[in-house]
Number of protein chains: 2
Amino acid sequence: MSTTGGRRRPPTIHDVAREAGVSRGTVSRVLNGGHYVSPAAQEAVNAAIRRTGYVVNRHARSLITGRSDSVGFLLTEPQEKFFEDPNFNVLLRGCTQALAAHDIPLLLMLAGTEDERRRITRYITSGHVDGVLLVSSHSGNPVAEELSEAGVPLVACGKPIGLGSKISYVAADDRDGARDMTRHLLSLGRRRVGMVTGPLDTPGGVERLAGYKEVLTEAGVEVDDRLVVSGDYSRLSGERGAERLLAQVPDLDAVFVASDLMARGVLTTLERAGRRVPEDVAVGGFDDSPAALASSPELTTMRQPFDRISAEMVRVLLAQIGGEDTAAVILPTELVKREST
Amino acid sequence: MSTTGGRRRPPTIHDVAREAGVSRGTVSRVLNGGHYVSPAAQEAVNAAIRRTGYVVNRHARSLITGRSDSVGFLLTEPQEKFFEDPNFNVLLRGCTQALAAHDIPLLLMLAGTEDERRRITRYITSGHVDGVLLVSSHSGNPVAEELSEAGVPLVACGKPIGLGSKISYVAADDRDGARDMTRHLLSLGRRRVGMVTGPLDTPGGVERLAGYKEVLTEAGVEVDDRLVVSGDYSRLSGERGAERLLAQVPDLDAVFVASDLMARGVLTTLERAGRRVPEDVAVGGFDDSPAALASSPELTTMRQPFDRISAEMVRVLLAQIGGEDTAAVILPTELVKREST
DNA sequence: GCGCGCTGTGTGCACGTTCCCAAATGATCG
DNA sequence: CGATCATTTGGGAACGTGCACACAGCGCGC
């Protein structure tokens with residue numbers, strides 16, 4: 001009961017009905033699609049809605065429909081990753097925007113710890129959201145399976161780990177992208193092309209490595225194990241990876257790095273080691289994250305179409321909520337040439 | 001009606017009541033505080049809840065109470081800023097966590113454009129959230145006033161622009177932090193200390209500049225206008241600012257930068273210009289954002305206690321929702337010495 | 001012994017919406 | 001011309017919860 005800004009009772013569907021001279025039922029029908037409503041009534045109701053400033057009470061609607069008309073955005077990453085990687089922000093932004101077009105709010109769920117994971121799982125399976133957008137580069141956690149088994153509509157960003165799982169997902173074409181980038185590096189005349197991979201317990205990480213190896217083999221370049229080190233998409237693991245590469249193959253002349261964030265780390269290490277980029281060593285990243293433009297030299301990278309990815313995630317999730325059977329969506333990547341190659 | 005994972009009807013308060021052998025009212029009382037309930041009934045109800053796996057239906061509750069038991073996190077920044085600045089992620093994480101303790105979900109609202117701002121304002125004023133956590137470094141937008149006038153509980157991060165506004169906010173002590181950092185730079189023996197300010201149409205930006213000037217004056221060092229350039233907290237504006245500083249005062253020996261992100265840009269420019277940090281030029285940042293550790297050399301900076309800031313924002317907002325009158329909260333900053341000074 | 005206050009419990013009502021069904025109207029068809 | 005059908009409308013019921021109220025039992029003081 002604050003003294004300032006007392007909020008009055010908002011208009012209900014009753015008020016609109018009275019104002020328009022029709023019944024609640026008719027107003028409701030106008031609100032939900034407008035089938036079996038005469039044009040005259042349609043118009044009268046819309047006018048009444050404008051006049052009263054009526055907005056539907058979502059709680060009342062949800063109570064009767066059983067839907068919440070909201071979805072969760074679940075991020076199962078340690079918080080350092082969430083702080084470091086702007087890709088999450090890009091996805092968040094994209095999903096928020098795509099959902100806004102359907103007037104669906106997004107509930108943010110950050111599961112950094114095991115406790116949070118449990119709490120959030122319970123929240124979701126209690127029916128408080130209609131579905132879940134799952135983002136988790138390192139999807140080794142059981143949360144996807146758990147939610148899927150509970151019958152919660154679910155779309156992952158990137159292919160989840162369990163092969164047997166029937167979880168829908170949206171991803172960039174990792175293998176093809178890796179192939180393009182490796183081909184690009186070879187086309188520059190480089191032959192000692194190293195790679196810093198993503199986490200190899202994730203399908204995405206494995207695919208990017210596979211694409212790299214394929215192209216080298218096709219080009220008749222021997223795949224040297226000392227030229228491949230693994231990382232976890234973090235900047236620091238890029239630094240470390242480049243250090244090991246330089247130690248093992250001092251005369252390498254190119255590196256394909258499985259994420260832009262790691263690529264920044266690679267650039268740091270190369271600079272410390274006195275290597276010029278791209279003259280001595282060409283560096284190719286992956287993602288085209290905001291980090292790619294912020295680095296110097298600016299990164300040549302494989303663009304993941306994050307705006308399309310998030311739009312597709314939302315589209316697939318809504319289809320699934322609508323009861324449709326949905327499949328995986330794979331989107332093409334695109335080579336973006338900048339200063340580092 | 002998907003074939004897999006059919007969700008059955010969840011238990012209601014009725015089921016719990018029957019299971020426990022009491023009435024709905026008693027169950028409800030146990031749920032909401034447990035006053036006027038005998039220990040025996042208390043126990044029976046709790047056991048029944050555990051057995052049935054009952055979870056309260058928030059929609060039904062909201063319908064009757066008029067509260068939504070959710071809050072919005074509103075970010076009114078262009079999307080580039082959201083992508084670039086990890087501080088937003090830190091705040092987001094902190095608020096999510098603090099709200100989780102109260103079992104309150106967070107609705108993410110990103111208002112990058114004018115259209116989105118309108119849509120979101122309408123959503124909020126329609127009563128779909130109980131309150132709003134507002135984050136907006138450049139709070140020149142009318143959204144705060146608008147929501148506040150509509151009687152929506154609101155807490156801003158950082159002092160909003162309008163002086164007359166009675167909007168509650170939580171902020172770090174900008175002036176004091178700027179004083180500490182400037183004093184630190186002087187203590188290193190530096191006398192030509194430049195500054196890259198934040199946006200000077202925001203209280204935070206103005207305060208940090210004021211602190212800087214105060215300490216210089218107190219120390220008997222003349223405040224030179226050519227040593228002060230303004231930025232907008234972005235990395236790029238740091239680069240540009242440092243370029244201007246070097247052009248105007250080539251022999252400057254320290255820079256106080258009003259954000260870590262800008263400080264990274266300053267480091268880039270200094271390196272390009274061949275200046276060593278900290279030997280030739282000492283650089284002090286502000287925020288202690290994740291960016292401070294990721295830069296090289298690692299940034300000396302003023303730590304904003306983001307975890308406490310977000311916790312306080314949530315505390316104040318909940319108090320305001322509870323009808324209390326709330327005031328501004330100012331939290332102390334702390335000097336974190338690293339490699340750049 | 002009466003009234004009063006405090007604790008503990010059950011019940012009716014209301015919140016605002018959607019859905020289902022009945023009924024009215026006009027059009028079409030055999 | 002009567003019957004069937006599609007369209008349009010209104011009203012009752014239900015969703016699951018919290019709250020106000022009524023009421024019972026008990027102890028206490030006057």
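Residue numbers start from 1 in every chain, and the chains themselves are labelled A, B, ... in the order their sequence lines are given, proteins ahead of strands. Values below: every heavy atom of this structure, side chains too, minus hydrogens, waters and symmetry copies. Since we're looking at a predicted model, the values are computed, not measured.
Between B:Ala60 and B:Val37, the residue anchored nearer the 5' end of DNA chain C, judged by the nucleotide with its closest heavy atom, is B:Val37. Where A:Ala41 and B:Arg67 meet DNA chain D, the nucleotide closest to each residue was compared, and A:Ala41 sits on the side nearer the 5' end.
Taking atom NE2 of residue B:His128 and atom C1' of nucleotide C:dG16, one finds them 12 Å apart after rounding to whole Å. Distance A:Arg61 CZ to D:dT17 P: 21 Å, rounded to the nearest Å. Rounded to a whole Å, the OH atom of A:Tyr36 is 17 Å from the P atom of D:dG10. Between the CG atom of B:Leu63 and the C1' atom of D:dC19 there is a distance of 13 Å, rounded to whole Å. What separates CD of A:Glu43 from P of D:dT9 is a distance of 13 Å, to the nearest Å. Distance, B:Asn57 CG to D:dA14 C1': 13 Å, rounded to whole Å. Protein atom NE2 of A:His35 is 17 Å distant from nucleotide atom C1' of D:dT9, rounded to whole Å. Atom CD1 in B:Ile64 sits about 15 Å away from atom C1' in D:dA14, given to the nearest Å.
A salt bridge links A:Asp103 with A:Arg58; the closest basic N to acidic carboxylate O contact falls under 4.0 Å. Note on A:Glu146 versus A:Arg117: salt bridge recorded, some NZ/NE/NH1/NH2 to OD/OE distance being below 4.0 Å. Look at A:Glu312 and A:Arg315 and you find a salt bridge, because one of the NZ, NE, NH1 or NH2 atoms lies within 4.0 Å of a carboxylate O, short of that distance. Between A:Glu116 and A:Arg119 there is no salt bridge, since no side-chain N of the basic residue sits under 4.0 Å from a carboxylate O of the acidic one.
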Intra- and inter-strand pairs of DNA chain D in dot-bracket (Watson-Crick or G-U wobble, both distances under 3.5 Å; | for another strand): ||||||||||||||||||||||||||||||
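Non-hydrogen atoms lying under 4.0 Å from DNA chain D are contributed by A:Val22, A:Ser23, A:Arg24, A:Thr26, A:Arg29, all within residues 12-32 of chain A.
The number of heavy-atom neighbours closer than 6.0 Å to CZ of A:Arg122, taken from other residues, nucleotides and ligands shown, is 12 or below.
Checked against D:dT9, C:dT17, D:dG16, the side chain of A:Ser38 finds its nearest nucleotide in D:dT9.
Using a 3.5 Å distance cut-off with no hydrogens or angles, the side chains of B:Thr326 and B:Ser168 do pair a donor with an acceptor. No hydrogens or angles considered: nothing links the side chains of A:Asp15 and A:Thr52 as a donor-acceptor pair under 3.5 Å.
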In residues 36-46 of chain A, what donor-acceptor pairs under 3.5 Å come from side-chain atoms, sequence neighbours left out?
unit_1  : atom_1 : unit_2  : atom_2 : d
A:Ser38 : OG     : A:Ala41 : N      : 3.3
A:Asn46 : ND2    : A:Gln42 : O      : 3.3

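Between the side chain of A:Ser148 and the backbone N or O of A:Ala144, no donor-acceptor pair lies under 3.5 Å.
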